[in-house]
Amino acid sequence: KESALKRSDPTLERHFKGHRDTVTSVDFSCNMKQIATGSMDSCVMIWNMKPQMRAYRFDGHKDAVTSVHFSPSGHLVASASRDKTVRLWVPSMKAESTVFRAHTATVRSVNFSGDGQTLVTASDDKTIKVWTVHRQKFLFSLNQHINWVRCAKFSPDNRLIVSSSDDKTIKLWDKNSRECIHSFYEHAGYANYVDFHPSGTCIAAASTDNSVKVWDIRSHKMLQHYQVHSGVVNSLSFHPAGNFLITASSDSTMKILDLVEGKLLYTLHGHQGPVTCVAFSRTGEYFSSGGSDEQVMVWKSNFDCAEGSDGVRLQHKTASSLQTPPASSTARFPLNSHPSVLHSQVSPERHESQSHASDGGVPPGLANALEHIIGQLDILTQTVSILEQRLTLTEDKLKECLENQMEIGLHLQRREEA
């Protein structure tokens with residue numbers, strides 16, 4: 001069968017409208033239930049993947065939000081802003097947050113470490129700073145860039161930090177010694193965005209010279225150089241399996257690159273105007289994108305990573321296992337808006353939406369009940385998490401009270417002795 005050899009194209013699952021200006025940043029929670037976005041409209045939005053659930057709009061920043069990131073547990077969302085602050089939000093209806101002034105200029109980027117204990121921020125004040133998540137205590141700063149710092153990320157093992165700046169360098173830092181290990185030099189443009197490969201052995205940079213470069217962090221050699229966009233590359237994201245890289249550009253397209261073959265797989269058209277941010281979900285099953293058209297789009301990747309004798313190969317998913325959004329969903333998108341495909345002879349198929357009860361053999365009634373229970377459990381988990389945070393705050397206050405009491409006691413004692 002010829003069709004069995006065909007790869008399924010990525011499909012647009014949903015799109016969210018709510019931001020009133022360019023979407024600047026997007027991230028998935030670890031359980032795929034929520035997507036966080038930041039925008040030039042100064043808001044952070046939390047979109048719930050369940051169609052019937054409302055989105056949460058978090059107002060608090062006084063200027064554009066430049067970056068958002070979920071903590072590894074999904075219980076916190078960090079946001080960075082042009083107002084020089086970073087906020088930590090609990091992604092629930094209450095919109096509780098703590099705020100701290102992180103820099104003396106625009107904060108361009110915020111990123112949680114893999115263990116969720118620390119944050120790294122990058123700013124137009126030319127510094128990179130590292131903070132504790134608990135009590136947002138300043139730990140140290142890295143100060144060798146000589147222009148705005150656009151982006152800073154922890155390595156998967158938390159031992160390194162990578163940063164990119166308008167000074168046309170990408171710097172690799174040792175978190176423990178706080179020293180710059182290596183500088184990669186860009187010649188034509190500067191890197192808007194940089195990130196570590198899931199293996200931690202290389203980094204990819206999205207550049208203003210319209211190219212994407214992949215560097216080896218041990219040999220410091222450039223491994224790959226993709227010149228596939230006709231506009232500035234604003235963002236990129238590695239597939240968690242490490243075989244694919246997705247890029248977002250001001251040429252209004254996203255591109256999916258096959259890193260194993262070193263070639264372009266897909267060109268995706270969805271946004272009107274520049275695509276400003278893109279991110280894979282934690283499993284790689286979905287990816288989300290945002291643009292200057294104020295839209296947030298969620299796509300299903302539709303590629304399975306299967307290990308073959310020839311290394312990594314793409315496994316085909318049959319059309320019947322694809323699920324398009326139900327017709328009742330407000331996020332229904334015209335079916336002809338599938339991405340157009342560049343390096344592949346597959347013409348996007350039209351999938352009719354069907355609900356398969358036979359697929360998993362679970363009656364719809366039972367499935368709904370189970371989903372409801374899971375939803376309730378999620379709320380409980382979230383409540384416990386909020387309570388834990390409050391407890392921590394109370395403990396801190398108690399500790400301060402005790403310390404103050406002891407100081408007063410000592411003071412009185414000294415006065416009596418005098």
Side-chain angles (χ1 to χ4, degrees), residues 11-20 23-39 41-60 65 68-79 87-97 270 277-291 294-301 322-333 353-357 360 362-387 389:
T11 48
L12 186 55
E13 288 283 295
R14 327 192 32 180
H15 71 299
F16 296 114
K17 285 179 178 164
H19 279 300
R20 301 180 186 120
V23 181
T24 55
S25 181
V26 62
D27 192 31
F28 281 90
S29 66
C30 53
N31 64 6
M32 258 295 303
K33 297 248 166 84
Q34 293 181 317
I35 292 173
T37 53
S39 164
D41 67 9
S42 313
C43 287
V44 172
M45 296 281 288
I46 305 292
W47 311 91
N48 292 296
M49 287 294 278
K50 263 195 185 164
Q52 66 275 23
M53 278 183 78
R54 298 268 313 266
Y56 310 135
R57 183 191 298 277
F58 294 167
D59 297 302
V65 177
V68 291
H69 195 220
F70 266 101
S71 64
S73 67
H75 295 320
L76 286 174
V77 173
S79 60
R87 279 180 182 265
L88 292 176
W89 310 84
V90 178
S92 65
M93 201 114 77
K94 280 210 184 105
E96 293 173 290
S97 74
C277 51
V278 68
F280 271 111
S281 65
R282 301 291 199 261
T283 59
E285 191 185 349
Y286 293 89
F287 56 92
S288 182
S289 59
E294 305 171 11
Q295 297 231 42
V296 178
M297 296 188 181
V298 183
W299 310 73
K300 196 155 192 231
S301 309
L322 283 178
Q323 288 187 322
T324 52
S328 61
S329 162
T330 49
R332 186 86 174 133
F333 217 78
S353 60
Q354 303 160 339
S355 61
H356 302 286
V362 180
L366 182 58
N368 288 344
L370 284 169
E371 192 142 312
H372 180 71
I373 292 165
I374 290 165
Q376 295 297 316
L377 282 171
D378 262 9
I379 293 163
L380 282 171
T381 311
Q382 226 157 20
T383 312
V384 169
S385 146
I386 294 165
L387 286 172
Q389 277 173 317

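Keep in mind that this is a model prediction, so the values were computed, not measured.
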From [X] [atom1] over to [Y] [atom2], what is the distance, rounded to the nearest 0.5 angstrom?
X: Glu96; Y: Phe58; atom1: CD; atom2: CZ; value: 9.5 Å
X: Asn48; Y: Met93; atom1: CG; atom2: CE; value: 9.5 Å
X: Phe70; Y: Ile46; atom1: CZ; atom2: CD1; value: 4.5 Å
X: Lys17; Y: Gln295; atom1: NZ; atom2: CD; value: 5.0 Å
X: Thr37; Y: Phe16; atom1: OG1; atom2: CZ; value: 9.5 Å
X: Lys33; Y: Met53; atom1: NZ; atom2: CE; value: 9.5 Å

Side-chain heavy atoms of [X] within contact of [Y], under 4.5 Å:
X: Cys43; Y: Asp59; result: yes
X: His15; Y: Met297; result: yes
X: Val23; Y: Cys277; result: yes
X: Arg14; Y: Pro51; result: yes
X: Ser288; Y: Val296; result: yes
X: Arg282; Y: Asp27; result: yes

Identify which one of Ser79, Ser97, Pro91, Ser39 satisfies the side-chain contact (heavy atoms from CB on, under 4.5 Å) criterion when paired with Val44.
Ser79

Quick one: closest heavy-atom pair of Gly74 and Cys30, and the distance?
N-SG, 4.1 Å

Counting only heavy atoms not in Lys50, do more than 12 sit closer than 6.0 Å to its NZ atom?
yes

More than 12 foreign heavy atoms under 6.0 Å from CZ of Arg57: is that the case here?
yes

Angle between ring planes, Phe287 versus Trp299, binned at 30° and 60°: parallel, tilted or perpendicular?
parallel

Classify the ring geometry between His19 and Trp47 as parallel (under 30°), tilted (30 to 60°) or perpendicular (over 60°).
perpendicular

Does Ser281 reach the main-chain N or O of Tyr286 with its side chain, forming a donor-acceptor pair under 3.5 Å?
yes

Is a donor on one side and an acceptor on the other found under 3.5 Å between the side chain of Ser301 and the backbone of Gly284?
yes

Using the side-chain contact (heavy atoms from CB on, under 4.5 Å) rule, take Val90 and Leu76 through it: C-alpha gap first, then chi angles, then the decisive distance, then the call.
CA-CA 5 Å; Val90 178; Leu76 286 174; 4.3 Å; yes

May I have the step-by-step check of side-chain contact (heavy atoms from CB on, under 4.5 Å) for Tyr56 and Gln34, ending in yes or no?
CA-CA 10 Å; Tyr56 310 135; Gln34 293 181 317; 3.8 Å; yes

